[in-house]
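On a predicted model such as this, the values are computed, not experimentally measured, just so you know. For the numbers below, each heavy atom of this structure counts, side chains included, while hydrogens, waters and symmetry mates do not. The residues of the chain are indexed from 1 along the displayed sequence.
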Amino acid sequence: MGIIEAVAKIAQNKPDSTAIESLDLKLSYKELANLIDQYSKFFARQSEVGFSIDLDNTPEWVVLDLALLKSKKVNIPIPRFFTNSQVRHLLKDGGVQIVLTDCPENFNGTIHQSFELCGHKIYQVMLANKRVDYPVNTVKVTYTSGTTGEPKGVCLDLLTINDVVYSIIKRSQVSTTDRHFSVLPMTTLLENIAGLYATLACGATAIIYTQKDVGIAGATGINPLKFIQTMNGSNPTTTILIPQMLDAMVGVVEACPEYLASMRFIAVGGALISQNILTRAESVGLPVYEGYGLSEAASVVAVNGPGCKKIGTVGKVLDHVDLKIANDGEVFVKGAIFKGYLGEDLPHLHDEYLATGDIGFMDEAGFLTLKGRKKNIFITSFGRNVAPEWVERELTDQPGLIQAAVFGDGRPWNVAVILADMDTDVNKAIQQANENLPDYAKVSAWIRADEAFSVANNQLTGTARIKREKVYSHYQQQIEANYQLKKEIV
C-alpha cells in the first residue's frame, strides 16, 4: 500500500485522528485526505508536468506535496537554503513550469492564479522553462547542494519511495501513537520520506512548525534553547536530526534533564557523527539512533533501531536493501534505487548494485561502519591513504572541538582547520585524538577557523558535509604557510 492509499484508508477507519498539527492548525486524516483529493484533481487538469513547491515547513507544503504525488505530476521541491544561483539552476535543469509559493516576487514568471490553503495564500507562478523528459514513472526530483559543482536532480519513482517508507516504519517501530516533530526542511528527502511519509503511512501525527518557529535558520543555524523548548512543548516521540542539531540538543538536555522525556526515537544522519556526542546523548537518556543513506537510494539505507543498536555504526541495512563491500572498501547497494540523474543516463550498475562512493565495513553482526567518502581520500607523500572524515571524527570526539577539516594530500603530515570553544586547549585535544590514530593519519598542525563551516559561507552542504575545496580555498595561505614553516625549521 502506497502513502496516498494509506492516508485514504486511515481517513476511512479513523477520520478524526490528527494527521498534522502546527502552531495554528490541526488537520484530521479525513480533512487531509479530502484536501489531497481536491488539489490532486486541480493539478491533474493542468497540462504542465514539472511543479516546484517553494514554502517553509507548513501543513500546506504537505497537502501540495501529496496532491502532486497523487496526480502523478513531477514534484521538484525548492530548498530554501539554496543560493539564488542554485535555485535558478534547479528551475531550468528540472524543467519547472509551475512554482507553488507564498513569495511570488522571488520568481521571474507570471502569477497565473492564487488560492487559500490552510489559512495561507498560495500563488501559482508560471515559468517559461521548456518541458524536459523525466525518466518513466518519476514523481519526485530532489536536488541536493552537494560538495562541489551544480546540484544534480535525483529522479525517484513511487515504488522506490514506498519501499523505503515501509522499511523505515518496521525498523523504527513507528505506530499510531507516535508524534513526529519535523525539524529538517521538508525539502530534504530524509525528512520528506523517513519523517513525513513514514509518520502518515501508519496513522501517527506529524508536528510541523516553520523553521523560524523551531529556531532554525537556513540549513544549519540553530537557536538551541528555542529549538528544544519548542520541541519539548509538543510532546514529540520521534524526530530526525543532522549532527549539529543533535549536538545542540544534547547540550540543552544536559543542562535541563527534564526536557524531551517523551522521546523514544531520534534518528541522526547526513554526515559522520562524533562518538562523543552519541555517548553524551546516551548518558542523558536521549534515544539516538545513527543512520546512513543517500538520495540515490531514496534517503535511508541503514539505521540503528530499538533492540538493534550499536554505537559508532550506522546500523543494519533496511529490509529492502542488499549491500556489499568491494575490495577497496567501497559500499555498494541494491534494492530501492533511483531512476537516474535528470538529463543523464542511469549510472553504470555492477550486477544491479549501485556504487555509493562511501567507504566502510560490516561486522559479523551485520552493523555497518562508515569511514568516509572515497573521493575525499588523500594520499600522503609516504603513499598512505587517509580518509579525512575518519580523522575529523576522532578530533570532534574531543570535548571542545566543534568542527574540523583535515588536509594532507601529497604531504608528509596533516593539517587541520578547527573550530573550537575559546577555552579549549586545542593542542591537548589534538594529542588525545592522535593517540587513536596511526602515524600517517595524525594531525601535526592546526589552524583556528575564522567562523563555523556553514551553508551561509558555502563551506557546508545542507546535510552538514564539509565542502573541502571551499574550506581549503579559504584557508589555503595559512595551510601552505604551515608546511613552509615546517620545511624551513627542518
Worked check of side chain to side chain donor-acceptor pair (under 3.5 Å) between E191 and S182: CA-CA 7 Å; E191 186 61 47; S182 290; 2.8 Å; yes
R80 with D54: basic N within carboxylate O range, under 4.0 Å: yes
Plane angle bin for F115 and Y39 - parallel if under 30°, tilted between 30 and 60°, otherwise perpendicular: tilted
Lys/Arg-Asp/Glu bridge criterion (N-O < 4.0 Å) met for E330, K375: no
Beyond-backbone contact of V443 with I418, side-chain heavy atoms, under 4.5 angstrom: no
Atom of C202, atom of V174 and distance for their closest heavy-atom approach: SG-CG1, 3.1 Å
F407 ring center within less than 6.0 Å of Y475 ring center: no
K467 charged N/C atom sitting above F453 aromatic ring, 6.0 Å / 45°: no
Charged N-O contact under 4.0 Å between K41 and D37: yes
D351/K334 ion pair, N-O < 4.0 Å: no
N-O pairing of K212 and D56 below 4.0 Å: no
Axial cation check for F51 ring with K73, 6.0 Å and 45° limits: no
D358/R373 salt bridge by N-O under 4.0 Å criterion: yes
